[in-house]
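First comes the structure, then the notes that go with it.
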Amino acid sequence: MTTPSHLERLNPEQLAAIETTEGPLLVLAGAGTGKTRVLTTRFAHILLSGRAKPWQVLAVTFTNKAAREMRERISFILGAPAEGLWLGTFHALCARMLRRHAEHVGLTSGFLILDTDDQLRLLKQVIEPWRVDVKRWPLPGLMGIIQRWKDRGLTPDAITPAENVDYADGHARAIYAAYQTRLRELNACDFGDLMLHMVEILRKHPDVLEQYHRMFRYILVDEYQDTNTVQYLWLRLLARRPGDVSNICCVGDDDQSIYSWRGAEVENILRFEQDFPGATIVRLERNYRSTAHILGAAAGLISHNDGRLGKTLRPGREDADGEKVRVVGVWDSDAEAREICMRIERLHGEGHPLGEIAILVRAGFQTRAFEERLVQTGIPYRIVGGVRFYERAEIRDALAYMRALVNPADDLAFERIVNVPKRGVGTAALQKMHVQARARQQPLAPTLAAMIEEKLIKGKSADKQAEFIAALSGARATLAKEGHVVAVETLLEESGYLDMWRNDTAPDAPGRVENLHELVRALADFPTLGEFLEHVSLVMDTEGASEEQKVSVMTLHGAKGLEFDTVFLPGWEEGVFPSQRTLDEGGNKGLEEERRLAYVGITRARHRLTILHASSRRIYANWQESMPSRFLDELPDEHVEREGENATRQARRDHSGLFSSSVFSDDISGSMSPLVAKRRKRMQEELAASTPQIKVGTRVFHQKFGYGVVIEADRGATEVSFEKSGIKRVMSSYLQPIAD
DNA sequence: CCTGAACGCTTTTTT
DNA sequence: AGCGTTCAGG
């Protein structure tokens, strides 16, 4: 018998994880051990072997990105588009189910899914009767408590007095109940509800549960260590089929559990064997990603954690020794940024693509130093995970306009935009509208229309509000005649929303107008407005096609699941990493999670890993001495090479010349081996040949700084007087000469 | 309703 | 220190 092509070139453990289709299976997949491949191949294998039809397999991921990738890879193996699959995020799958059974929890199938802003606005209204001191008990904190309850699968009635935390004078439970009631009245759900409602339905309606038991013969779960309690309950309900085996396969890595702070329970993965008796456990430990030194460093570090399921990454490749992990001490955060940028320049000069280099930080504030330095040096970069497209104010506003357009009863959308741009609607006016709406038993939008009609509102404000109502109804007419793209364009135009940004003098205003155009463009990909909005509420990411080669700067959390040839891990100092706050709040558990985060960071690197720590760092206002992170001591010496033990000397060297040790200088050639010197010389020559002549006086263009004239030209480093940005030292390889 | 001043916060993030 | 948000007063 010949091996089917999709099962070729798999190691025995991977093969076991794929072919053990019957009965519960836990796949403990270390970083870089081919987890995604196993998951997708297993899925395809179940289909190709005829064990199940596409709709009889439930496959769950955490992010849309993971779901998308999985779908693509399955399509590739099957050689046809993977359609009709129950493959998606926990939330998207629950939303799909809930639309079928919404009436069981007092909703209709057309329920609205709220975003974070809507949730807060609603909560703000709900807490009013309690007169909660929002100074002492901030709304987001309360929202967080409610969300944690939902994460744990607790409905308001399930919250015992003991559970009712000391927040909002002990009213949290009651407020939660009122919030849920209000959501039902609005026929709306927040993200937590999608899971919570489905669990409730599956528990209370055996007929519904049975229907899914019959349908889902196989269940696949990715990143199981990140599941929270409701997600676990949902999976358990679906997997435990009376009189039948649980064909549930969970893939995860307890060493990569880094989301406990948002409700994830590592215990879920640790408890798998008890939950599903007779479970098979497969360990994937052969790592095909990183060098032996990087793996050794990671293994040494993570061995300091207790309560692990136990798993040791082994190099899967023969050629995998490579360089040792470098630990570099520097003076301060500026030196750290300089050091990293210098090394990036050197790597780039040696031909390493920038897209294969990443700087991974513990917290967002650390990115600033790097951003500044990268701009200065002219190295193309991208900060991953800033404000996402769909979270920008202008995008949310525009989406609210669209929601108000398709659904005149969407009060939350209406409230968001009724005074954007300013139409003289403040809290008082809105209050009045609410009173009227309740009296007339109709939503806010028609109420406002009626109030204007009946002259209950007068003056300039009334005119503006009338325009707003007219724009909405006008766009509704356009929607029927000319389609949704034109309708939305018209609405944003006629309502004065686009003009509001066009007339705004803030520096970011033009960008916002551009974003709005991009949003309208995206609209064309969907047949109807409704489908677009459904997509947006569940798939809150835009895969910005990264055309160009750029260095990635992101948080360690954001880097999970990614890999790079070269990784820099700055800020390994006590207080920063491990973070002081985690230590204070989470104690030893917190420390262990920080250590897992460090483990995630290390295992992102394929070939080169450099860890940095600074002797002093500015915390808020003042400079503070900082101690090297305890994690540095936990890296086995045999895999590590330590540099810059004397931070003062390091600082002096850094200041002496920006490009002193870059590939473009000759002055360190003396200390290089002849071979390296020769290779560098060739590189320089190639560079010189490929780089057009840039001399003093040449007019040039730079991606970041615009047009300018060269005032000093060295090899590599060039001083340019830019028209807009003044005099800057930049790399000549990023300059484009402009012919006069 | 809009503006400036005062206040207070400052880890990680998906859906 | 710097930013964003809230509050008091015009």
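Please read all numbers here as calculations on a predicted model, not as lab measurements. What you see below is based on every heavy atom in this structure, not just the backbone, and it leaves out hydrogens, waters and symmetry mates.
- Atom CZ in A:F577 sits roughly 15 Å away from atom P in B:dT11 (whole-Å rounding).
- Here A:E593 pairs with A:R596 in a salt bridge; the nearest charged N to carboxylate O distance falls below 4.0 Å.
- Residue A:N64 has no polar side-chain atom (N or O) positioned under 4.0 Å from OP1 or OP2 of B:dT14.
- Residues that satisfy the side chain to side chain donor-acceptor pair (under 3.5 Å) test with A:R308, not counting sequence neighbours, are A:D255.
- Distance check, rounded to the nearest 0.5 Å: CD1 of A:I359 to CD of A:E336 gives 9.5 Å.
- Note on ring orientation: taking the six-membered ring where Trp is involved, the planes of A:F526 and A:H535 are tilted (angle from 30° to 60°).
- Two residues are said to be in side-chain contact when any heavy atoms from C-beta on lie closer than 4.5 Å; A:W149 and A:P156 fail this criterion.
- Distance check on atom P: C:dG4 versus B:dT11 gives 15 Å, rounded to whole Å.
- When distances are taken from the side chain of A:K422 to each of B:dT11, B:dC2, B:dT15, the shortest belongs to B:dC2.
- Ring geometry for A:H91 versus A:F191: interplanar angle over 60°, hence perpendicular rather than tilted (30 to 60°).
- Side-chain nitrogen and oxygen atoms of A:T555 include none within less than 4.0 Å of the OP1 or OP2 phosphate oxygen of B:dT11.
- Atom CZ in A:F389 sits about 20 Å away from atom C1' in B:dT13, given to the nearest Å.
- Residues of residues 89-102 of chain A that place a heavy atom closer than 4.0 Å to DNA chain B, in numerical order, are A:T89, A:H91.
- In this structure, CG of A:D222 is placed 14 Å from C1' of B:dT14, rounded to the nearest angstrom.
- One interatomic measurement links the two molecules: CZ of A:F191 to C1' of B:dT13, which rounds to 12 Å at whole-angstrom precision.
- A:Y176 is linked by a side chain to side chain donor-acceptor pair (under 3.5 Å) to nothing, counting only residues two or more places apart in sequence or in another chain.
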Nucleotides 3-8 of chain B: which of its N/O atoms have a protein N/O under 3.5 Å away?
none

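- Two residues, A:Y259 and A:V425, neighbour DNA chain B, and the one matched to the more 5' nucleotide by heavy-atom proximity is A:V425.
- Not counting sequence neighbours, A:H304 has no partner by the ring-ring contact (aromatic ring centres under 6.0 Å, His included) test.
- Nearest-nucleotide assignment on DNA chain B puts the 5′-proximal partner with A:N419, out of A:N419 and A:F62.
- Residues A:W234 and A:L93 are in side-chain contact: their nearest non-hydrogen atoms beyond the backbone lie under 4.5 Å apart.
- Residues A:L194 and A:L538 are in side-chain contact: their nearest non-hydrogen atoms beyond the backbone lie under 4.5 Å apart.
- Straight-line distance from the CG atom of A:L562 to the P atom of B:dT13: 13 Å, rounded to whole Å.
- Atom CD of A:E534 and atom C1' of B:dT15 are 13 Å apart (whole Å).
- Within residues 580-590 of chain A, the residues having any heavy atom closer than 4.0 Å to DNA chain B are, in order of number, A:R581, A:T582, A:E585.
- When the nucleotides B:dC2, B:dT11, B:dT15 are ranked by their closest atom to the side chain of A:E391, B:dT15 comes out on top.
- The A:H557 side chain lies nearest to B:dT13 when the options are B:dT13, B:dT11, B:dT15.
- Seen from the ring of A:F631, A:R595 does not count as a face-on cation partner, given the 6.0 Å and 45° thresholds.
- For A:W261 and B:dT15, the CH2 to C1' distance is 13 Å, given to the nearest whole Å.
- By the 4.0 Å N-to-carboxylate-O rule, A:D193 lies close enough to A:K150 to be salt-bridged with it.
- Taking the P atom of each, B:dT12 and C:dT5 are spaced 16 Å apart, rounded to whole Å.
- For the pair A:R373 and A:F370, the cation-pi criterion (under 6.0 Å, within 45° of the ring axis) is not fulfilled.
- Following rounding to the nearest Å, A:L569 (CG) and B:dT12 (C1') show an atom-to-atom distance of 15 Å.
- Within 4.0 Å (heavy atoms only), A:G192 reaches no atom of the nucleic acid at all.
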